[in-house]
Amino acid sequence: MVEAPSPLPHQNDTYEFCIILPPRINSAGIWENLVYPSTMLTYSLPLLEMQIVMIFVSSHLIYAILKPLGITLFASQIIAGLILGPPIMGKLNAFRNIFYRRELGVEMIDAVSVFGFTLFIFLTGVKMDVKMAFNSTKKSVVIGIISLLSPIVVGIVLHKTFNEHKRMNDVIKTERIVGTLIESTTSFSVIACVLTELKIINSELGRLALSSASVGDLSTLFLVQIISLSQDWATSPLLALQRVLVAFLFITILFFVFRPLMFWVIKKTPEGEPIEEVYIVAILMVAIGCAIFTHWTQQAPLIGAFLFGLAVPDGPPLGSTLINKFECFVNGIFLAVYITASAMRVNPRKMVSNPPRVKFSIISFFLTFLAKFMSCFIASFVSFMPFRDSLAFGLIMSSKGVVELAYFSTFRDNWVISEATFSVAVFAILVNATVIPLLVRFLYDPVSRKYAGYKRRNLMHLKPDAELRVLACIHWPENVSAMIDLLDLTCPMKESPNVIYALHLIELMARDSPVFIAHHKHETNTNVGGSFEDILAFYQYEQNNWGLVTVNAFTAISPPKLMHEDICTMALDKQTSFIILPFHRKWSVNGSVEAENNVVRNVNCSVLDRSPCSVGILIDRGGRRKSMKSSSYSVGILFLGGKDDREALTVAKRMARDPRVKLTVIRLIAYQDGRDVLDWDTIMDIEILKDVKQNNEVLGNGCDIMYLEEVSDSGSQTAKIIRSVADYYDLIIVGRRYGVESIQSMGLSEWSEFPELGIVGDLFASTDLDSRVSVLVVQQQHYIAESRH
């Protein structure tokens, strides 16, 4: 059987065929020639439509079959391209007439797909936050740079090792260098697509990967420009200077002319109104113009579109409008066509005919992948990330996708790399895109680890001069005053101010999609009934503590099952140290239980299980409420020991800095019969209690602290102590101590009604306790590095 012509337009063979002028674009359909209906495919538009439909149907059919196995859409599109390529479907005459017609060939589908990929790169720039790269943590910067440099070093060593011919062809040298550079890249868009597919883009692991990828992406862009400049300098220093000047002027115009113009468009648009269509079309035209300009200056056209995308202000209203209008069509149609059409270029026969290049390519791809994976794994593991999470992180950072495929495809078109190397690269990308998501799903559970913290975000490890970031959640108007009273007790100071994120949670009813509202301080109204009045109280609290407290208010309307995600995501976004949740019970004026809300209780339990920082549940029993303008405020803490109690004591110490607060620390100890057993928890308890016992200057001058010790050898004695001290204080703070067994709490867990409060907290929330005291139950952050497994 005759081999199908290669889809690559740049061939050395000579063909003769006729071109009809003017070009035949549209046909009359099958009615034009009923004997030979395929005549319609001699017209360019029906042929293009047929090619797009076949690519779309085949790729999604394969994806529907392979999706249950965990295969991604990107991998399915590559597989579709391999099937539609010359080795399989290309051998069929009917199929060859569609994709490999000499008069039209694949040039038309290539042009459309490359145009679509340019738009994809532009939208990638729009979504990418440049500030993320410049404001990245040291860990992200180190990982981003190491992930780029380590594969390059391995590639250079490998090139020297396999340099068996002293006079190696320059073409082969260039091919190896280009292949190493492409394998070394860490594409932000590829990492973002992988994280989205795995549904972990909002996790701390995902954020670290995105931050590192943004550093790696910009570092790659800088490195490529340096290499290109050095080559130009070696050829002609004047030409190199001209290109540097042109690039500088281009970037200057983008960020100091076009970007301010886009901010002017945003400012001109009324709040809540959509951006006018004329501006959206103009921005898209400028993006295409930037691609043409960089192509005219002998640079890749994708760079111009990407840089202009970076200049577009991200987020609402402009960036989000561009994404909402174009992303679905670009990703769903153009990108699928580009990936599949690129994979159709694979020619296995060329791989067989050139074993040395194939051998080097396979070894190079494997070792550069291993170098990138190991460097990211080691860098994250030594930064106290658990072993399994470090493995997952290394795999994510080593992911390859459409960007690397585009690089290889472009260099193949320009004859920089051979068909054999290109074919190996496509298969390597396919294996990477297939295996890595499967391994990451096995290593990383997105449900339990989505909000896992790799940094200590609690009060105990907060620096003395650091601001305290608190996420205060409210469900009902009754929660507001108790919440503000508690926040007022945290004693904000100029050296350590408070940043409060007030989140009003409303159950989604009578609408289809969740709503998230960011309030502004100068709002006069809101469409959300009842929410605005509750938010005003927090702004008033800010005014009363001007310079010491900053309030940011939000309203989240979402289904009950997703409320905890709103809370945890915001805590992760804002890097809060403490979340305060209202208890699900509502007490009446006479002290009886007025109402219970199981939705709120379920939200609290979910937050306790998944929170990326410390959590406090505030039990407001409607008792004695004092303003901080009062002369005194009595706070008590019941200390049994353990990390939750230490966190609770840290909260109490912060309150004790206020001269109007009188703090009493009651430590419950068990009679040990002369035997003193010390473990690490006990040592830490003793250490944190030192300054409390001494009431020295560590806590600040003027602290009114009393330290008491009570002996308790059973749960019944503890319950008796709780009943005896409850009425002496305006607020009592306890640690949750969930699942911690001790002599002092022995036998109480069997009677516990609310496990989310812990044993001691449950006693204070019990209807059997005749007291109106408010209680704060504290759980310290589940710091994930405590158990590195």
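Count residues from 1 along the sequence.
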Would you please name every residue forming a side chain to side chain donor-acceptor pair (under 3.5 Å) with [X], sequence neighbours left out?
| X | value |
| --- | --- |
| Ser558 | Asp566 |
| Thr490 | Asn498 |
| Glu710 | none |

Taking Asn479 for the side chain and His475 for the main chain, is one N or O donor matched with an acceptor at less than 3.5 Å?
->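 Side chain of Asn479 to backbone of His475: a pair is present.
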Donor-acceptor pair, side chain of Gln779 and main chain of Gly616, under 3.5 angstrom = no
Once salt bridge (Lys or Arg N to Asp or Glu O under 4.0 Å) is applied, do any residues pair with [X], and if so which ones, sequence neighbours excluded?
| X | answer |
| --- | --- |
| Glu756 | Arg601 |
| Arg646 | Asp681, Asp685 |
| Glu709 | none |

Going by the rule side-chain contact (heavy atoms from CB on, under 4.5 Å), which residues pair with [X] if we only count those two or more places apart in sequence or in a different chain?
| X | answer |
| --- | --- |
| Lys494 | Leu548 |
| Met493 | Cys491, Glu495, Ser496, Arg657 |
| Ser716 | Ser714 |

What residues, two or more places apart in sequence or in another chain, satisfy ring-ring contact (aromatic ring centres under 6.0 Å, His included) together with [X]?
| X | answer |
| --- | --- |
| Tyr501 | none |
| Phe377 | Phe381, Phe387 |
| His584 | Phe754 |

Within the structure provided, determine whether [X] and [Y] are in side-chain contact (heavy-atom separation under 4.5 Å).
| X | Y | answer |
| --- | --- | --- |
| Thr550 | Glu542 | yes |
| Leu505 | Ile567 | yes |
| Ile619 | Val773 | no |
| Asp645 | Leu638 | no |
| Leu471 | Cys473 | yes |
| Thr650 | Val778 | no |
| Leu640 | Val760 | yes |
| Leu208 | Ser140 | yes |

Gap between atom [atom2] of [Y] and atom [atom1] of [X] - 0.5 Å precision:
| X | Y | atom1 | atom2 | value |
| --- | --- | --- | --- | --- |
| Met570 | Leu503 | CE | CG | 5.0 Å |
| Ile500 | Ile484 | CD1 | CD1 | 10.0 Å |
| Tyr729 | Ile732 | OH | CD1 | 7.0 Å |

Going by atom types alone, do Ser614 and Gln780 pair a side-chain donor with an acceptor below 3.5 Å?
->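 The criterion, which ignores hydrogens and geometry beyond distance, is not satisfied for Gln780 and Ser614.
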No-hydrogen, no-angle side-chain donor-acceptor test under 3.5 Å, Asp727 and Ser771 = yes
Counting heavy atoms not belonging to Lys662, are there more than 12 under 6.0 Å from its NZ?
-> no
